[in-house]
Each structure stands twice: as C-alpha cells, then as structure tokens.
Amino acid sequence: MFINFIQPSKSAESRRVNERGFYQHIQLNSKKSIKNTTYSNSAKNSELYSAVNTDKQKELVIQSDKQSEINDVIYAEGNVSVSYRGKLLEADNLIYDKLNKNISAKGNITLRLSDQLFRVSQLEYNFISEKGYLLDVEGFINTNSLINDLSSNFSLLDSQKLGSVLKLNNEKVLNTPNKVENWLFFTDKINIDGKKWTSKKALFSNDLLELKQVKLAINSLEVIPSSEELRFKSSLNYLILEDKVSIPFWMGDRALNLNDSELENRWKFGYENLDKDGYFIGRKFNSIDLFDDFVLDLEPQLLIQRSLKGYTKSFVKKGESPTSDKVKRSTISEDFFALKSQIKGGINNWDLEIDKNLNSLDFNKFSDAFRLKTKLSKEFNFFDSKWEKIFYGIYRERIWNGSLGEAEIYSGYGSRLQKVKTWNFNGIKKTEILSFGLANLTAEALDSKSLYSNLKGNFFYSLEQKFPISVEEPEDKSIDISHRYIHEPITKGFSLNTRLEASYSFYENGDHQEYLGLGIGPELILGNFKNKTFDYTRVSLLPFYKFDSGESVFKFDNNYENFTLEIAFDQQLFGPIILKSFGTLNLKKDSADYGEFIDSKISLFWKKRSYEFGIFYKPHNQVGGISFNLFGFK
C-alpha cells in the first residue's frame, strides 16, 4: 500500500518553517527544486486544493498544527494529514527524512484509499530500501475495488468524503446478494519488503457487525500485488466459527477471489453412488499457470467406499455398449482413485472452460470412466438486454429425466444463444429465460438401449412470477446485531407463484416435440427467524401441467410427465438449525411412477447471519455432500 502511497525520486530543498495551521507541499518526482509553500487561512487552503487537483497530483502535501524542519528532516505534530495522488494519511505525529527518504508516523494513524480504510498505531517505511512495517493494523477493504484503489489517481475532493462514510464499527448493515466484497481484517504487524507484504497471522471477517460468528485466520500470509490481481501465499489456515470451532483449510499459492460467497476448501468430502460407488475424499492442488492467463486445476480423489467394498457397480460389462446396464465388477488398486480437472482461460474476449472427470485410473476402463465438457462463451448486449453466446462439446454426460431415469449422451457438440433476466415490477418479481439451440448429438435412443445420432434444434421460453397477495415487507432492509440467524429481514406473508413455459424441439429425421406448460401455486412464509424455536416456516406448492405433443428421438430430453407437483418445505427447528426440503411429485396417471417423487433434495443447515453450513442428499440420483456459504454486507 505504501509503495503506491509515496514514490519519491528527488525532493526539493526546504526552508525552515515554524508556524501553526499550515500546508507544505513537496514536488517528489521532479528533478527541479521548488519552494515550499505555507498557508494559514481557508482561502489559501482552497487555492492549494485546486492547484493540487489540477497540475500537482505528483506533490506530497503535508498539513498539521505544527511543523518544523531541521537538517532536511520535517517534523509535523497535531492533526497531521499527508496526501499524495489523492491518497490520505492522517496521524498524530510524523517525521519525514528527505535525504534518507524515510517516513515515520505514530498515534491514531488512518490511511484512506477510496473504498479502503486502514487504522495503524505505528508506521515506518524507507523509500530507498523499500522496506518498512505497520503495527496494530485494523482494516476495512472492498475487494471489488482494491486493486484500482491501490493504484488509481482519484481526486482529493472525492477522498475527503470518506470520513463520514467508512468506519470499522457498524450498527446496521445491508446484505449484498451472492457476493462478499467487504471485509474487516486485523493483524499485529505487516512487514513490507519491496512489493511483498507479509504477516505472521491475519484475521479476516465478512461480518461487519461483530467478529464472533465467523473469522478466517490466515497464517504466514504473503501478499504480492500486481496491476490485475493480489496473489496470496499462506500455510495452514483456520475457519473459526463462534470462537469455538476451528476448521483447517489450505490456500496455498494463488490469486484469491474474496468476492466469492462460497469459501473453497482444498479438501472435499462427498457422496456419489452412480460414478464413484459411494463416499469419497478429494484434495485440490494449487492452480498451475499454463500460458496466456490459462490455469489448470487438479483434484485427485480417493474413493473410500469402493476401496472398502473391493468391487464396483459404476461400469458396464467390458466390451458392452455404454448404454448397457451397469454390472458388478472386481476392482484393482487403480480403481480406488479418481481425478477431476479443469482448464480455464480467455481467448479474444471469450471464456473457455474444459472440465474433465476420470472416475478410475484403470486404463482398461478409460472409455467408461472418462467424462468431458467444454464451453466457450461470451456475453454481449443486444436490445438493452444481456445475452450469452455459447459453443459446447460433451463426451459421456449423464442426464436425469424424471420417471424415465438416467439417460446417457455419448457425445455431442452444439451452440446456444440465451438470455436470463430478473427484475421487479410493481412489487412483482419476474425471471425470464429465452434460448435458441442447435446441436449434433449421439445419445441413448428413446425406445432402446442403442446409441442414436441426430441433429436437434430447440427453442425454449420461461417466465416465472411471484405475486404478493398479503405480504408484509420489512420497513428497514438493514439488519443489526439482534439478527443472529438471518442475513436479511424476512418478507412474510402469502404469495402466488406462476410459471409459463414454451418449448419446441425438432430433429433431423423429421420428428418433433413441443409443449406449453402452465403452473400456479401458493407460497406461505411465517415467522421472523429471531426466536430460538419454530420462528420460521416456508411452504410452497406449484402444480405444473404441460399441453404436449410429439416425441423426441432421444431418452434424455423426451417430454414424459405432463402433470407434476413441486413441493418445498423449510422449517426452523431450534436456534440456527433449519430443515430444507424440495421434491417433484409425478401425477401422470398412466405412469409407473405415479404418486412418487421423481426429483428431490433434503438439506439440514446450521444457519447464522454471516454464514451457513449444511449437508444435503439427492435420493433420485444418489448424490450428497457438504456445503458452506458466506454472506456479504455493506
């Protein structure tokens, strides 16, 4: 921070001054000497600010109640304010050695860099050796603008507004949905050595109200800033919950995305029965830089349950079609391991992702164990809407299609143009999806286990709306420390949810299928989620009927259930413990699965204001896992 704050080359010679209430500005980047200027009234102050904002952005400006200069050492006392390129440093006392290029400050030090605020008890920095330190650091950082604020050239007039806006102690905050960009952090000491900052231990918290609920303890922290990212290195770190539970995690050496609401742990524990035969554990390696901003992520996995069983039911019989029924096969040691990998990068403003899964390291099973998805996408604006253009390729993808069960896409490639938009109109929340697609696919046929190849085109439109009938909106959207379990106030009452869908698909052989779907159902939300027991309930029912005709040539996308009922039920049990469940009930009368759930998920969460931790299970495709999310505030 302070490397960017002051970067002098040769300073001007200064005459000795000893007056009260004045400014002194020193040209730092010019080889020419200029005279120091002293002002003692507000009219002159305004002239100075105007001059600095226009032509003197490269001048260091010192303001204080008292100043003196002895042997090229400036001593400033009382309400010291130092500004350089719009960055402000305030302190009780400051000493600046012009010859040795050393700055020292003590007492109530505050550093403001646009959206960033830092409080420090002592600062030492030498511009020749580029070494220094900060003691007792408290910070408020906005990760969305941190890089720009450390290097930008904003105006002094803009930065003067920060005093009443930024503070470390808040009484009320607002939730920032789906992102965490504001953080408090604390450390006893930061060492600066060139462009590297180090700290033995630093604490970060996304909760701007208090530090008790959740903290990240980062040990042996090294931060290396560049023009585009902050690169973090650390040793073993801890996620601390309620000052009682410490969960270790590893960050390694990488560019850290603190805006993400999901805290990524390098270790993963999950359950996947169809491809991995049950429980597994994985460990993600540090990202590997490839070329031109492309990175490779690797996650080897140990398939615990498969290794204990000594057999697998995740593969078809050797030599059989990939759409054949899976059979029980003996395992070798290579079957006990899996590998997940991803390559991400940019190509001429397009984003490329390549996801690969290898569910056994036995190369005799490679064709059955390997799964691949590629995606090349780009966003653009068209008719005041944000659209996404996607090109994709797939190999061995499993699709769950309700009562028809699991279906296999053996291979395929295609393109899709889509728009997703969410907005509010007169209190009605609306979500619209519009997409056009064309793909060449080889997949499991509708009426047999054979693979079938065909060209498919598709149009899809969906509009979901939520109409408030008798709803109690919170008067204040902010929350305070009394909100222990929720990150935003509860909107209670009775609403009607509606869904309109239209789809048309055509195939190269002349077949086609289409449907118009309509759904309307109630949603009831009770409670404030502030008391300890049964203070929050959500029940939602959505009957959905399709007027359909035609059939697909494939199993994975055939319209089968024309009448379903979606049921959602969330209930606070005790304190932060909440049960969440969702299921789709098949009401097609001539179906073998009539009256059964064809899609479902059940979760149990420990939910607090600043984070939530949960376990979930999906019975229909036998997948489960653990989730952890952070909530953001401003």
Side-chain angles (χ1 to χ4, degrees), residues 270-282 298-343 354-374 392-414 439-456 507-509 511 551-558 560 592 618 620-623:
Y271 180 87
E272 217 282 17
N273 192 50
L274 296 180
D275 277 339
K276 303 181 189 297
D277 290 298
Y279 294 104
F280 68 93
I281 188 170
L298 295 173
E299 181 186 301
Q301 298 171 344
L302 172 62
L303 309 185
I304 301 173
Q305 202 160 344
R306 181 185 293 176
S307 62
L308 293 176
K309 289 178 179 178
Y311 63 86
T312 175
K313 291 184 177 181
S314 295
F315 307 104
V316 301
K317 187 177 180 180
K318 186 176 181 180
E320 293 288 335
S321 167
T323 57
S324 301
D325 294 331
K326 295 177 180 178
V327 298
K328 183 177 179 180
R329 298 177 62 175
S330 59
T331 57
I332 59 176
S333 58
E334 287 87 344
D335 290 314
F336 303 158
F337 301 94
L339 179 64
K340 179 180 180 181
S341 65
Q342 183 185 67
I343 296 176
I354 303 175
D355 293 292
K356 292 173 285 186
N357 282 284
L358 189 59
N359 295 308
S360 170
L361 300 187
D362 179 5
F363 285 99
N364 291 322
K365 300 184 181 75
F366 182 83
S367 60
D368 293 321
F370 182 66
R371 301 187 184 276
L372 171 71
K373 293 177 67 174
T374 64
Y392 61 89
I394 51 178
Y395 174 75
R396 302 300 306 273
E397 182 175 11
R398 284 193 297 108
I399 303 291
W400 183 266
N401 189 10
S403 298
L404 296 180
E406 180 189 10
E408 175 98 9
I409 301 178
Y410 183 75
S411 64
Y413 59 90
N440 193 339
L441 303 170
T442 298
E444 185 176 350
L446 177 61
D447 298 321
S448 71
K449 287 287 188 178
S450 303
L451 290 175
Y452 190 80
S453 297
N454 217 294
L455 186 69
K456 174 188 174 180
Y507 304 87
E508 185 181 15
N509 68 343
D511 289 349
E551 279 189 337
S552 170
V553 297
F554 301 119
K555 179 181 177 181
F556 79 90
D557 68 339
N558 187 62
Y560 183 66
K618 298 179 180 180
H620 67 281
N621 59 358
Q622 303 179 58
V623 172

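Hydrogens, waters and symmetry mates play no part in the numbers below; they use all other heavy atoms, side chains included.
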Can you tell me how the ring of Phe370 sits relative to the ring of Tyr395, calling it parallel under 30°, perpendicular over 60° and tilted otherwise? tilted
Please check: side-chain N/O of Asp362 versus main-chain N/O of Asp335, any donor-acceptor pairing under 3.5 Å? no
Short side-chain to backbone donor-acceptor contact, Ser341 and Leu298, under 3.5 Å: no
If I take atom OG from residue Ser411 and atom CD1 from residue Ile394, how far apart are they, to the nearest 0.5 angstrom? 7.5 Å
Okay, side chain of Arg396, backbone of Ala369: is any donor-acceptor separation there less than 3.5 Å? no
Heavy-atom closest contact (Lys276 atom, Ala338 atom, distance): NZ-CB, 4.2 Å
Heavy-atom side-chain contact between Asp511 and Glu551 under 4.5 Å: no
Okay, side chain of Glu272, backbone of Leu274: is any donor-acceptor separation there less than 3.5 Å? yes
Heavy-atom side-chain proximity of Tyr452 to Asn509 below 4.5 angstrom: yes
Could you walk me through whether Lys313 and Lys326 pass the side-chain contact (heavy atoms from CB on, under 4.5 Å) check? CA-CA 6 Å; Lys313 291 184 177 181; Lys326 295 177 180 178; 5.6 Å; no
Separation of Leu372 CG from Leu358 CG (nearest 0.5 Å): 11.5 Å
Using side chain to side chain contact (heavy atoms under 4.5 Å, CB included) as the criterion, point out the one residue from Lys356, Arg371, Glu299 that pairs with Lys340. Glu299
With a 3.5 Å distance limit and no angle check, can you tell me whether Asn401 reaches the backbone of Asn558 through a side-chain donor-acceptor pair? yes
For Phe363, check ring pair (Phe, Tyr, Trp, His ring centres under 6.0 Å) against everything at least two apart and list the hits. none
Minimal heavy-atom distance between Phe554 and Asn454, with the atoms involved, is CZ-CB, 3.7 Å
Sorted by chain and number, sequence neighbours left out, side chain to side chain contact (heavy atoms under 4.5 Å, CB included) with Gln305 holds for Tyr271, Tyr279, Lys309
What residues form a side chain to side chain contact (heavy atoms under 4.5 Å, CB included) with Tyr392, not counting sequence neighbours? Ile390, Arg416, Ala439
Tightest non-hydrogen contact, residues Ser314 and Asn273, listed as OG-O, 3.9 Å
Ignoring hydrogens and geometry beyond distance, is a side-chain donor-acceptor pair present between Asp557 and Ser552 at under 3.5 Å? yes
Between CD1 on residue Ile332 and OG1 on residue Thr312, distance to nearest 0.5 Å: 11.5 Å
Tell me, do Thr374 and Tyr413 make a side-chain contact under 4.5 Å, heavy atoms counted? no
CZ/Phe315 to NZ/Lys365 distance, rounded to the nearest 0.5 angstrom? 6.5 Å
Would you compute the distance between atom OG of Ser403 and atom NE2 of His620 and round it to the nearest 0.5 angstrom? 12.0 Å
NZ of Lys449: more than 12 outside heavy atoms within 6.0 angstrom? yes
Within the distance-only criterion (no hydrogens, no angle test), does the side chain of Arg329 pair as donor or acceptor with the backbone N or O of Val316 below 3.5 angstrom? yes
Answer whether the closest heavy-atom distance between the side chains of Leu302 and Phe337 falls below 4.5 Å. yes
Please round to the nearest 0.5 Å and tell me the distance separating atom CG of Leu451 and atom OG1 of Thr442. 7.0 Å
What's the shortest heavy-atom distance between Gln301 and Phe280, and which atoms? NE2-CE1, 3.8 Å
Could you tell me if the side chain of Leu303 sits less than 4.5 Å from the side chain of Ser360, heavy atoms only? no
